Amino acid sequence: MAQPKYSTHLGMVDILPDEIRKWQFLENLIREEAHKFNFEEIRTPIMEQTELIVRGLGQLTDIVSKEIFAFSRGDDNYVLRPELTAPVVRAYVENHLDQRGGSQKLYYIGPMFRAERPQKGRQRQFHQFGVEVIGSSDAVSDVEVIAFMIHIYHKIGITNTTLKLNSIGDPDSREAYKDALRTYLKPNYEKLSEISKKRFEKNPLRILDSKEEEDQPLIENAPLITDYLNEESVSHYSRVKEYLTDLGISFEEDPYLVRGMDYYTQTAFELISPDLGAQDALAGGGRYDLLIEEIGGQPTPAVGFAAGIERLFIACEELGIDLGGEKEVDVYIVTLGDHARRWGLKQLPKLREKGVSATMDYMGRSMKAQMKDANRENARYAIIVGENELNEGKFTFRDMKESKEEALSFEEISNLLAEQSA
RNA sequence: GAGCUCGUAGCUCAGUUGGUUAGAGCGCCAGGUUGUGGCCCUGGAGGCCGUGGGUUCAAUUCCCAUCGGGCUCCCCA
């Protein structure tokens, strides 16, 4: 096929009418369920100051060091948001949301941007939904966040997932563990993969989830973070696990689970699906008790997760779950001739006012073509109108599913339709 | 950033061992029915065979590059 003159940027896709229904279905579901959990929606700008993202996520993270879309204009630096935790925290601090009292229970849905090489389950513009609970250090908030995440997938029918859980402790625990890890790795430093060598000084934790062949034996025998958690961290972690058990949410402890952003503390979790291929994380999150202060607010504990919408859809496809349903319209007015056409145009608003979805031909086509169109549009009923009907004031009201029709006044038809759509 | 692989109509794909007007199914449009859809029949529109260059008398077919898709590594949603 000839190449179109213009196209989307690499890794960015159009969401077309035939697929929009599943997006709307999911978005509605998220909003309804979030409401049940008493989470409130927050929307922040698509662009943030570069400094917020760099400070928030950490200079050395992959996202910041190589996956950011950034540009400057005058003295201002802009970055397309790669995730929403840091922006939500920025909004929390900037707008003094702590003054609303209690903990803030926020959720979001929207596009994110990362300049990666696209592949299955990975685009440069992709969509996430997520939740941030800011202000509580109680394990109840960790567990509610996880419960909401799982709840959404279960509602949809994605149940063959694994919740991976770990604690990376508070900063003291983590420093103690990093030291232990370095001490352990040092004698074997030369055996480490190149990439792990780079991580050795700055973020040895990340060596743990290295997939390099040569690192595996070293990782196997490495000390575990779990053994270096201080009392407070241990107690928080065990409460999280207890509460999850109370709720009947099963999990798999994974002492090697280390998340990509620097702001995480204590609880870390990921929801994995076997249906996704190489990119198997449906959602991930954790606690980030230091981020608010890092960004310039009061020290405030918080926990949240982010979930990939495209990956959710991939899982649905693999499982044969259809979220969209058919497009449909209540009634299609089929008109013959100019009089009928003008009559039809005038009836449309009356029907819509009664809550009935209604349409008609825009192209002046033959009756047959209009019927075909009504069928394609999945119209439940058709109103057929020509000179005869106009003269008699009785219109042909056709049930497209039953293939039955009767002559009725417009009044009678619109009442019937209004009843049906009520 | 690296590797593998693919690129023919709107979609799914045949095909050309290099040679006159490149095919099918589905979809789209129209007709068969002068006022009736979904089935059926007939016809039509729609491709410089992703783009650029090279080899050749001749390239959609061979070679190179490039762009795009898919998959993988890295990392994450």
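Note that the coordinates shown come from a computational prediction; the quantities given were computed from them, not determined experimentally. Letters A, B, ... mirror the listed sequences (proteins, then strands); counts begin at 1.
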Asks: Could you check which of U36(B), A77(B), C29(B) has an atom nearest any side-chain atom of F126(A)?
Replies: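 It is A77(B).
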Asks: Under the salt bridge (charged side-chain N to carboxylate O under 4.0 Å, His left out) test against R90(A), which residue among E132(A), E48(A), E51(A) passes?
Replies: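 One option only clears the test, and that one is E48(A).
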Asks: Can you list, in residue-number order, the parts of residues 370-387 of chain A that come under 4.0 Å of RNA chain B, counting heavy atoms only?
Replies: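 Close to the strand are M371(A), K372(A), N375(A), R376(A), I384(A).
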Asks: Spell out yes or no: do the side chain of K368(A) and the base of G32(B) have one donor N/O and one acceptor N/O closer than 3.5 Å?
Replies: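 Between G32(B) and K368(A), which were checked side chain against base, a qualifying N/O pair under 3.5 Å is present.
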Asks: Both N388(A) and G11(A) contact RNA chain B. Which one's nearest nucleotide lies toward the 5' end?
Replies: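 Nearer the 5' end of the strand: N388(A).
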Asks: How far does the C1' atom of U51(B) sit from the matching atom of U12(B), given to the nearest Å?
Replies: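 One C1' to the other, the span is 24 Å.
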Asks: Does the pair R122(A)/E116(A) count as a salt bridge with the N-to-O cut at 4.0 Å?
Replies: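 Judged by the 4.0 Å cut-off on N to carboxylate O distance, R122(A) and E116(A) do form a salt bridge.
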Asks: Using the C1' atoms only, state how far G15(B) lies from U61(B), rounded to an integer number of Å.
Replies: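 Each nucleotide's C1' atom is 10 Å from the other's.
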Asks: Mind checking the P distance from G37(B) to A30(B)? Whole angstroms is fine.
Replies: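 After rounding to an integer number of Å, I get 13 Å for this pair.
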Asks: So do the side chains of R55(A) and I295(A) get within less than 4.5 Å of each other, counting heavy atoms only?
Replies: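 Contact flag for R55(A)/I295(A) side chains = no.
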Asks: Could you give the CD1-to-P distance, from I333(A) to G35(B), as a whole number of Å?
Replies: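 The answer, rounded to whole Å, is 19 Å.
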Asks: So what is the 5' to 3' dot-bracket string for RNA chain B, if pairs are Watson-Crick or G-U wobble with both distances under 3.5 Å, crossing pairs use [ ] and | means the partner sits on another strand?
Replies: (((((((..((((.....[...)))).(((((.......))))).....(((((..]....))))))))))))....
Asks: Is any side-chain heavy atom of I158(A) closer than 4.5 Å to a side-chain heavy atom of I321(A)?
Replies: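 Sidechains of I321(A) and I158(A): in contact.
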Asks: When the distance from CG of D280(A) to C1' of U72(B) is rounded to whole Å, what number comes out?
Replies: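 About 14 Å, once rounded to whole Å.
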Asks: Can you tell me if the side-chain N/O atoms of R117(A) get under 4.0 Å from OP1 or OP2 in C71(B)?
Replies: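 No.
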Asks: I need the CG-P distance between L336(A) and U34(B), as an integer number of Å.
Replies: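 Roughly 11 Å, once rounded to whole Å.
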Asks: P atom, G54(B) versus U60(B): distance in rounded Å?
Replies: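 Result for the P pair: 13 Å, nearest Å.
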Asks: How close or far is atom C1' of G38(B) from atom CE of M400(A), stated in whole angstroms?
Replies: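 Value for this atom pair: 8 Å.
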Asks: Determine whether a donor-acceptor pair (one donor, one acceptor, N or O, separation below 3.5 Å) exists between the side chain of E270(A) and the base of A77(B).
Replies: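 Between A77(B) and E270(A), which were checked side chain against base, a qualifying N/O pair under 3.5 Å is absent.
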Asks: If we take the P atom in both A24(B) and G38(B), what is their distance in whole Å?
Replies: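 Looking at atom P only, A24(B) and G38(B) are 23 Å apart.
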Asks: Report the residue (L271(A) or M367(A)) whose heavy-atom-nearest nucleotide on RNA chain B is the more 5′ of the two.
Replies: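 Checking each residue's closest nucleotide, the 5'-ward one belongs to M367(A).
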Asks: Please classify the nucleic acid contact of G121(A) as base, sugar-phosphate, or nothing, using heavy-atom distances under 4.0 Å.
Replies: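 Here G121(A) touches the bases of the nucleic acid.
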Asks: Which atom pairs, one a donor and one an acceptor, fall under 3.5 Å between side chains of residues 17-27 of chain A and the rest of the protein, sequence neighbours left out?
Replies:
from: E19(A); atom 1: OE2; to: L16(A); atom 2: N; distance (Å): 3.3
from: R21(A); atom 1: NE; to: G325(A); atom 2: O; distance (Å): 2.9

Asks: C75(B) C1' sits how many Å from R122(A) CZ, rounded?
Replies: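 Atom CZ in R122(A) sits about 6 Å away from atom C1' in C75(B).
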Asks: Do K354(A) and N415(A) have side chains that approach each other closer than 4.5 Å (heavy atoms only, starting at C-beta)?
Replies: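 Yes, at least one pair of side-chain atoms sits under 4.5 Å.
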Asks: Can a donor-acceptor pair be found between the side chains of H236(A) and D170(A) at a distance below 3.5 Å?
Replies: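 Note: H236(A) and D170(A) side chains miss the donor-acceptor criterion.
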Asks: In terms of ring plane angle, is the pair W343(A) and F410(A) parallel, tilted or perpendicular, where the classes change at 30° and 60°?
Replies: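 Aromatic pair W343(A)/F410(A) classed perpendicular.
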Asks: If you go through the side-chain atoms of S7(A), does one of them form a donor-acceptor pair with the base of G68(B) closer than 3.5 Å?
Replies: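 No pair found.
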Asks: Please confirm whether any donor atom in the side chain of S403(A) sits under 3.5 Å from an acceptor in the base of G38(B), or the reverse.
Replies: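 Present.
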Asks: Does the cation-pi check pass for K105(A) over Y107(A), that is, NZ or CZ under 6.0 Å from the six-membered ring centre and within 45° of its axis?
Replies: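 No.
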Asks: If we take the C1' atom in both U21(B) and C64(B), what is their distance in whole Å?
Replies: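 To the nearest whole Å, 31 Å.
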Asks: How far, in whole Å, is G47(B) from A14(B) if one measures between their C1' atoms?
Replies: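 Those two atoms are separated by 15 Å.
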Asks: How are the rings of Y288(A) and Y264(A) set relative to one another: parallel (under 30°), tilted (30 to 60°) or perpendicular (over 60°)?
Replies: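 Rings of Y288(A) and Y264(A): perpendicular, over 60°.
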Asks: Side-chain N or O of Q119(A) versus OP1/OP2 of C71(B): is the shortest distance under 4.0 Å?
Replies: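 Checking Q119(A) against C71(B): no side-chain N or O falls below 4.0 Å of OP1 or OP2.
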Asks: In whole angstrom, what separates E405(A)'s CD from G35(B)'s P?
Replies: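 Taking atom P of G35(B) as the reference, CD of E405(A) is at 14 Å.
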Asks: Please identify which of these residues, Q370(A), E389(A), R365(A), meets the side chain to side chain contact (heavy atoms under 4.5 Å, CB included) condition with T335(A).
Replies: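 Output: one option passes, namely Q370(A).
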Asks: Please state how far atom CZ in F129(A) lies from atom P in A77(B), giving the value in whole angstrom units.
Replies: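 Rounding to the nearest Å, CZ of F129(A) and P of A77(B) are 13 Å apart.
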Asks: In whole angstrom, what separates M360(A)'s CE from G35(B)'s P?
Replies: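 Distance check: M360(A) CE to G35(B) P gives 17 Å.
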Asks: With P as the reference atom in both, quote the distance from G69(B) to C11(B) in angstrom, rounded to an integer.
Replies: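 Per the computed distance, 15 Å lies between those P atoms.
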